[in-house]
Asker: 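Starting off with a structure, shown below.
Atom set for the values below is all heavy atoms of this structure, side chains included, hydrogens, waters and symmetry mates excluded.
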Amino acid sequence: MKRIFLFILILFLFTTSAFAEERVLEIRAIKFSYTPNIIKVSKGDSVRIRLISEDVTHGLFIDGYGLNISAHPGQDGQLQFVADKTGRFSFRCSVTCGEFHPYMVGYLTVEPNSRFHFYALLTAVLGLASFAGIMLKKRR
């Protein structure tokens, strides 16, 4: 009985930990926009952002995460974090770069990790089925 619970625990840990990805994103900043300006990741992903400025010094501040980087022309900025909050978060230029600076905005969407939930549910169902099978075998 203990072996089955240990097997189920190992199966759960193996299947659920395998679904966080490392996302490497390159964001180009030029007056007064980001390319891409919409980024989608899954909860639990390790996100690395490389900010490249193509004209003047730009920044990137991610609301909700409180993270900030800046990049000078020819000198990229880098940032790494784990996307641990779901939702839609604005990112905006944190260095005044001209008259339309306040309109330099993009969006980070962190979606629930649906593969994690699917495999967690599958592991639970397999565990319950195994437990039910053992209990039925003992009754005989």
Asker: Using atom types as modelled, flag every donor-acceptor pair under 3.5 Å from a side chain in residues 53-61 to any protein atom, sequence neighbours excluded.
Answerer:
{"unit_1": "Ser53", "atom_1": "OG", "unit_2": "Val56", "atom_2": "O", "d": "2.2"}
{"unit_1": "Glu54", "atom_1": "OE2", "unit_2": "Arg28", "atom_2": "NH1", "d": "3.0"}
{"unit_1": "Asp55", "atom_1": "OD1", "unit_2": "His58", "atom_2": "NE2", "d": "2.8"}
{"unit_1": "Asp55", "atom_1": "OD2", "unit_2": "Lys31", "atom_2": "N", "d": "2.7"}
{"unit_1": "Thr57", "atom_1": "OG1", "unit_2": "His72", "atom_2": "ND1", "d": "2.8"}

Asker: Does the distance from a Lys or Arg side-chain N to an Asp or Glu carboxylate O, for Arg92 and Asp63, drop under 4.0 Å?
Answerer: yes
Asker: Between Phe91 and Tyr107, does the ring-ring contact (aromatic ring centres under 6.0 Å, His included) criterion hold? Intermediate values first, please.
Answerer: CA-CA 6 Å; Phe91 59 84; Tyr107 299 97; 7.4 Å; no
Asker: With side-chain contact (heavy atoms from CB on, under 4.5 Å) as the test, pick out the partner of Ile27 among Ile39, Ile69, Ile52.
Answerer: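 Single side-chain contact (heavy atoms from CB on, under 4.5 Å) partner of Ile27 among Ile39, Ile69, Ile52: Ile39.
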Asker: Is it true that Thr86 and Glu111 share a donor-acceptor pair across their side chains at a distance under 3.5 Å?
Answerer: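 The criterion, which ignores hydrogens and geometry beyond distance, is not satisfied for Thr86 and Glu111.
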Asker: Would you call Leu51 and Asp76 a side-chain contact if the rule is heavy atoms closer than 4.5 Å?
Answerer: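 SC-SC contact between Leu51 and Asp76 ruled out.
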Asker: Which heavy-atom pair separates Ser33 from Met104 by the least distance, and what is that distance?
Answerer: O-CE, 3.5 Å
Asker: So does Ser42 get a backbone contact from the side chain of Asp45, meaning a donor-acceptor N/O pair under 3.5 Å?
Answerer: yes
Asker: Going from CZ on Arg23 to NZ on Lys40, what distance comes out if it is rounded to the nearest 0.5 angstrom?
Answerer: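 Taking CZ in Arg23 and NZ in Lys40, the distance rounds to 11.0 Å.
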Asker: Do the rings of Phe32 and Phe100 sit parallel, tilted or perpendicular, given the 30° and 60° boundaries?
Answerer: perpendicular
Asker: Could you tell me the separation between the CG atom of Leu79 and the OG atom of Ser70, rounded to the nearest 0.5 Å?
Answerer: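 If we round to the nearest 0.5 Å, Leu79:CG and Ser70:OG are 11.0 Å apart.
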Asker: Drop me the distance from Ser94's OG to His101's NE2, to the nearest 0.5 angstrom.
Answerer: 7.5 Å
Asker: Who are the side chain to side chain contact (heavy atoms under 4.5 Å, CB included) partners of Gln78, not counting sequence neighbours?
Answerer: Arg48, Arg50
Asker: With rounding to the nearest 0.5 Å, note down the distance linking OG in Ser46 to CZ in Phe81.
Answerer: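 Rounded to the nearest 0.5 Å, the OG-CZ separation comes to 8.5 Å.
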Asker: Is there a continuous path of hydrophobic side-chain contacts, each under 4.5 Å between heavy atoms, that joins Tyr65 to Val82?
Answerer: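 Per the 4.5 Å side-chain linkage, Tyr65 and Val82 are not co-clustered.
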